[in-house]
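Here's the structure, in structure tokens; my notes come after.
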Amino acid sequence: MRRVRFHAYGGPEVLRVEEAEPPVAGPGELLVRTEAIGVTLPCVRRTHGDGNGGGDPLPAVPGGEIAGTVVAVGPEVTGFAVGDRVTSLTFKGSYAELALAPAFLADRIPDDASAVEAVALVRSGQVALAALSTAAPRDGESVLITGAASATGHLAVQLAKLQGVPRVVAAVSSAAKAEFLYGLGADEVVTYDQDSWGEPADIVLDGVGGELLPRALAAVTEGGRLIFFNSGGGTVPAYELLAGSKTVTGLTMRRFTTVHRERYERHRAQLWELAGAGRLRAAVHAELPLEEAAKAHEIIEARANLGKVVLRP
């Protein structure tokens with residue numbers, strides 16, 4: 001089988017396509033022939049090995065989410081069979097023609113949905129819903145979302161409006177993304193380089209981090225809260241928390257899927273229901289062949305995407 005692997009840390013140039021033996025499904029795992037592979041910012045950052053994204057042990061096959069067809073079922077797996085079309089979080093090893101997926105994170109793809117639609121909706125939608133449910137917006141509260149045009153961010157904008165949030169502010173790197181976000185329901189669009197992001201928000205969902213984190217925290221109103229769900233790191237100014245009575249909550253899907261299992265399952269059903277009814281749109285920015293994984297990473301690193309970037313084996 002073909003896979004993409006990197007043997008040294010660095011930018012998109014470190015990604016190499018190579019031949020490898022297929023993996024074997026172990027206990028609790030599904031072996032999936034991939035039809036669509038999601039490219040995410042955390043995956044891109046881990047190839048740099050700079051500490052903020054964790055840095056995968058070398059050599060490594062990147063990845064975090066797939067959609068495709070089950071070709072083998074490991075021991076202790078129930079509820080799935082060879083031939084099932086599934087999508088799943090994988091956390092690693094997904095840039096390949098065959099990938100292993102934890103069965104407890106796998107979800108059947110509806111007959112009327114494509115693999116690309118599934119991988120664009122499920123993982124990013126799960127992150128968006130996890131962030132919103134962790135923030136738990138109350139009546140009348142406003143939400144600001146950084147990285148709002150990203151795969152997760154553009155779904156978070158829509159989901160916040162569907163939950164009745166009266167003011168959703170989309171924060172992005174470029175004003176060129178404004179039309180896209182207004183079309184998804186954003187009430188305001190601001191760019192990172194603006195002197196002011198307008199009135200502070202009760203809740204900030206930060207999908208960027210790094211040098212933007214202090215500004216994201218400053219955009220939280222007194223007594224408000226910030227949900228930090230990115231791999232960009234950054235430093236929280238402690239005095240800002242004290243002076244503004246603000247809170248910061250970290251969110252990782254690896255822990256959320258384990259600790260909040262019932263909520264994860266509920267979110268899964270909700271995403272398919274909303275998409276099936278045409279109320280939630282998962283935008284796909286680009287579909288690229290596996291051999292162009294480096295180009296996919298370049299798009300993500302340049303923050304050029306409007307929605308999801310997908311690899312097709």
Side-chain angles (χ1 to χ4, degrees), residues 1-23 34 36-67 88-101 119-120 123-124 127 146-147 149-153 172-174 177 192-193 206-214 216 228-235 250 252-254 284-313:
M1 72 167 191
R2 291 175 306 141
R3 70 181 180 189
V4 174
R5 192 159 69 152
F6 59 101
H7 295 258
Y9 295 125
E13 73 281 353
V14 303
L15 300 177
R16 296 287 184 271
V17 178
E18 61 184 30
E19 292 291 330
E21 289 296 317
T34 58
I37 302 162
V39 180
T40 69
L41 182 57
C43 292
V44 172
R45 282 173 166 161
R46 286 199 296 272
T47 66
H48 287 268
D50 57 7
N52 287 335
D56 290 332
L58 297 173
V61 178
E65 57 196 33
I66 59 172
S88 179
L89 302 181
T90 54
F91 301 117
K92 62 179 181 180
S94 63
Y95 285 26
E97 291 180 313
L98 293 165
L100 296 173
V119 84
R123 183 265 178 190
S124 298
V127 175
T146 67
S150 69
T152 297
V172 289
S173 59
S174 167
K177 299 177 179 180
Y192 303 145
D193 59 358
D206 184 20
V208 178
E211 295 180 355
L212 197 69
L213 179 56
F228 185 84
F229 63 93
N230 65 81
S231 59
T235 301
T252 67
M253 288 309 293
R254 188 181 294 272
V284 177
H285 179 85
E287 296 180 39
L288 299 169
L290 193 64
E291 291 81 3
E292 295 186 25
K295 182 177 179 180
H297 278 218
E298 288 172 0
I299 293 171
I300 298 293
E301 289 194 356
R303 306 293 196 274
N305 56 303
L306 300 176
K308 195 72 174 176
V309 176
V310 177
L311 293 176
R312 299 293 301 271

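Here Arg312 pairs with Ala36, Val116, Glu287, Val310 under the side-chain contact (heavy atoms from CB on, under 4.5 Å) rule; sequence neighbours left out. For Pro214, the side-chain contact (heavy atoms from CB on, under 4.5 Å) test picks out Pro237, with sequence neighbours left out. Evaluation of the side-chain contact (heavy atoms from CB on, under 4.5 Å) rule for Pro289 yields Glu291, Glu292 as partners, not counting sequence neighbours. Residues passing the side-chain contact (heavy atoms from CB on, under 4.5 Å) test with Ala99 are Thr34, Ile66, sequence neighbours excluded. With sequence neighbours excluded, the residues forming a side chain to side chain donor-acceptor pair (under 3.5 Å) with Thr146 are Asp206, listed by chain and number.
To the nearest 0.5 Å, atoms OG1 (Thr47) and CG (Leu58) are separated by 10.0 Å. Rounding to the nearest 0.5 angstrom, the gap separating the CG atom in Leu41 from the NE2 atom in His297 is 10.0 Å. The CD atom of Glu97 sits 11.5 Å away from the CZ atom of Arg3 when rounded to the nearest 0.5 Å.
Pairing each heavy atom of Pro42 with each of Arg123, the nearest pair is CG-NH2, 4.0 Å. The two atoms that bring Arg5 and Ala60 nearest to each other are CG-O, 2.9 Å, heavy atoms only. Minimum interatomic distance between Glu18 and His7 (heavy atoms only, all atoms of both residues): OE1-NE2, 3.5 Å. Between His48 and Gly11, the shortest heavy-atom contact is CE1-CA, 3.6 Å. Taking both residues in full, the closest heavy atoms of Pro62 and Val4 are given as CD-O, 3.4 Å, listed atom of the first, atom of the second, then distance. Among all heavy-atom pairs drawn from Ala149 and Lys177, the shortest one is CB-CD, 3.7 Å.
Under a 3.5 Å cut-off, the side chain of Ser94 and the backbone N or O of Gly64 do form a donor-acceptor pair. Put simply, the side chain of His285 gets close to the backbone of Leu306: a donor and an acceptor are under 3.5 Å apart.
Counting heavy atoms from C-beta on, the side chains of Leu290 and Ile37 come closer than 4.5 Å. By the 4.5 Å heavy-atom criterion applied to side chains, Tyr9 and Val14 are not counted as neighbours.
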_Before you tell me yes or no, could you show the steps for Ile300 and Asn305 under side chain to side chain contact (heavy atoms under 4.5 Å, CB included), namely the whole-Å CA-CA distance, both residues' side-chain angles and the distance that decides it to 0.1 Å?_
CA-CA 6 Å; Ile300 298 293; Asn305 56 303; 4.0 Å; yes

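Here the options are Thr90, Leu311, Val17, the test is side-chain contact (heavy atoms from CB on, under 4.5 Å), and the partner is Tyr95; only Leu311 passes.
Residue pairs satisfying the salt bridge (Lys or Arg N to Asp or Glu O under 4.0 Å) criterion with at least one member in residues 298-310, sequence neighbours excluded, are listed as follows: Glu65-Lys308.
Residue-environment remark: CD (Glu211) stays at or below the threshold of 12 foreign heavy atoms within 6.0 Å.
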